Amino acid sequence: MRVVRLLRLRAALTLLREVPRRLASRGVPGSRRTQKGSGTRWEEEKREDGVKWRQLEHKGPYFAPPYEPLPDGVCFFYDGKPMRLSVKAEEVATFYGRMLDHEYTTKEVFRKNFFNDWRKEMTVEEREVIKSLDKCDFTEIHRYFVDKAAARKVLTREEKQKLKEEAEKLQQEFGYCILDGHREKIGNFKTEPPGLFRGRGDHPKMGMLKRRVMPEDVVINCSRDSKIPKPPAGHQWKEVRSDNTVMWLAAWTESIQNTIKYVMLNPCSKLKGEKAWQKFETARRLRGFVDEIRSQYQADWKSQEMKTRQRAVALYFIDKGEAADTVGCCSLRVEHVQLHPEADGCQHVVEFDFLGKDSIRYYNRVPVEKPVYKNLQLFMKNKDPQDDLFDRLTTTSLNKHLHELMDGLTAKVFRTYNASVTLQEQLRALTRAEDSIAAKILSYNRANRAVAILCNHQRATSSTFEKSMQNLQTKIQVKKEQVAEARAELRKARAEHKAQGDGKSRSVLEKKRRLLEKLQEQLAWLSVQATDKEENKQVALNTSKLNYLDPRISIAWCKRFRVPVEKIYSKTQRERFAWALAMGGEDFEF
DNA sequence: ATACGGACTTAGTACTTATACT
DNA sequence: AGTATAAGTACTAAGTCCGTAT
């Protein structure tokens, strides 16, 4: 169902993309001089290559609060009998107990991993008794946490205010650092609390215990001459170092996959902003190379060398957005594609069906050029379903090739480029200057949506969707009736004025006219909302908005069409894109 | 050549806060 | 004032890509 819908939207998008592209003029790629200067924050002197800061000072991460044992009245039962657990075992039991109503706890892998790790936390005696998860009864524990959550909801205004102030105090103390003399916001200043690992898709490690992070696990990164953060009383840092070629302030190794987690700056920080800007400048630079690159890989479809052919087809997929990246593309297996000589009235159709990032399904049927089709037939010949489609291709060799085509070019750049170009084209095609603000916003969201569909950014239909749609429809109905009523009254007032011809009846007439206008406007806005909502059901806009769309495109559009930028970007989004807002640029072209 | 680890970006969902409604 | 819903933010898993070790 969802797939079919997305397919339809994709088809529509493909049509829209055929709109002839107006040749855009723009400044020197990558040049800062092309932007309007504004204030000092984005225009400080450059650091030498690879150096991220000269001064870095912070308080270290804020640690998750220690475990609070359950009150006496809350008990765990084994095989129907109450059982008092040791603190360590109890803590892990609460991780499971609070998830009891979650689907995870029905999954065999999750249960097995949890039980296995839980037993490691038990005392010898406990391990002797607790041998089967099926005999464990966590319901009291579960109820305890449900009640606790409910209690939080009904706090008085004052109590809530107090909690808010405490959070704010914490944010002020731990949530900022000093970087090269500027106070910058940190992204994640709290260590991740212990709990049960929730992998996405059918992750083999789901349910495993994610250990509590201790100061002894944490490496601190700060400048030598800064105030070195103090570890919590009675504890030590694993290490304190001063590496100004990296952006992280603290790091630790997590216990599930043995990978490093970092404390980094918030996206609104100058450093992150500069990186994002740089990213978009690289993508803009691709504009000047993309025609050449395309004709080159098309020529390579007929190369003598198998490796070159595979690379050329892979690159075509990356460019077309059928694969997000080199890794995804290079690891495409025979079982992920199906070839149809003819489908949906098109020739040479490739059907993709595979799980991408976060186990999100990518399904698409696309007509491809004949040589691509022929090549795929060749690549699939005499292979098992599990074999690599591009067996002669590695991520390293493909990326190396990309670097030769353009400095700084990677597969990711194509995504950014295609997303931003699509937004710009769509905005051009959809926006009408004479439209109301509401209609313009709908156009913007549609353009954004086109990109999100292109990038396969999906979301689960919210459980309350049907209900809230119903509510909206009811509102529209009510508004329609109000409009009808206002129209009738206007008619009456007009007749009255015609008969009387006096000032009083004229002012009544004016008032009725204004009322009708206002109601019609409200109705228009409501129906725009309804359309937007329906189209947005299973498409997530934020990922592309935050990561792939050059904000300068949106800002220029807002200025050109007199749409307040707050209608497009929320407060934090405006902070994240402060660098772009500072540049102004009504006539920015990507 | 390949594997692996480190650093940084991207991703969907869970949770919180603001706003609309009664 | 209290509640329902929408909007916005926080969280953390899962990617990419690079450099280095094997």
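Convention: sequence-line order gives letters A, B, ...; per-chain numbering from 1. When reading the values below, keep in mind they use all heavy atoms of this one structure, side chains included, and skip hydrogens, waters and symmetry mates. Given the structure is predicted, the values throughout are model-derived calculations rather than measurements.
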Is any side-chain nitrogen or oxygen of [X] closer than 4.0 Å to OP1 or OP2 of [N]?
X: Lys412(A); N: dC8(B); answer: no
X: Lys190(A); N: dA10(C); answer: no
X: His403(A); N: dC17(C); answer: no
X: Asn188(A); N: dT12(C); answer: no
X: His457(A); N: dA11(B); answer: yes
X: Lys272(A); N: dT9(B); answer: yes
X: Lys275(A); N: dC8(B); answer: no

Just by protein heavy atoms under 4.0 Å, how would nucleotides 15-22 of chain B read 5' to 3' in B, S and -?
-> ------S-
At 4.0 Å (heavy atoms only), tell me whether [X] reaches a base, stays on the sugar-phosphate, or touches nothing.
X: Thr394(A); result: sugar-phosphate
X: Met247(A); result: sugar-phosphate
X: Lys533(A); result: sugar-phosphate
X: Pro267(A); result: nothing
X: Gly356(A); result: sugar-phosphate
X: Lys153(A); result: nothing

In terms of relative ring orientation, are [X] and [Y] parallel, tilted or perpendicular, with 30° and 60° separating the classes?
X: Tyr316(A); Y: Tyr297(A); answer: perpendicular
X: Trp557(A); Y: Tyr444(A); answer: tilted
X: Trp277(A); Y: Trp579(A); answer: parallel

Starting at the 5' end of DNA chain B, which residue's closest nucleotide do you reach first, His102(A) or Thr543(A)?
->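 The residue closer to the strand's 5' end, by nearest nucleotide, is Thr543(A).
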On DNA chain B, check which nucleotide each of Leu546(A) and Asp243(A) is closest to and give me the residue with the more 5' one.
->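 Comparing both residues, the 5'-ward one is Asp243(A).
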Mind checking the CZ-CZ spacing from Phe145(A) to Arg98(A)? Nearest 0.5 Å is all I need.
->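 The CZ atom of Phe145(A) sits 4.0 Å away from the CZ atom of Arg98(A).
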Single hit among Arg212(A), Arg198(A), Lys261(A) for salt bridge (Lys or Arg N to Asp or Glu O under 4.0 Å) with Glu192(A) |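 Of the listed residues Arg212(A), Arg198(A), Lys261(A), the salt bridge (Lys or Arg N to Asp or Glu O under 4.0 Å) partner of Glu192(A) is Lys261(A).
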Is there a residue in residues 248-261 of chain A whose heavy atoms reach under 4.0 Å of DNA chain C, and which residues are they?
->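 Here the set is Gln257(A), Lys261(A).
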For residues Tyr96(A) and Phe138(A), establish whether the separation of their ring centroids is below 6.0 Å.
->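 Centroid distance Tyr96(A)-Phe138(A): below 6.0 Å, so yes.
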Ring-face cation of Lys320(A) near Phe317(A) (centre distance under 6.0 Å, axis angle within 45°) =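 No cation-pi geometry.
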Would you kindly check if the NZ (Lys) or CZ (Arg) of Arg574(A) is within the cone defined by 45 degrees around the ring axis of Tyr569(A) and under 6.0 Å from the six-membered ring centre?
->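 Negative - Arg574(A) is either too far from the ring of Tyr569(A) or too far off its axis.
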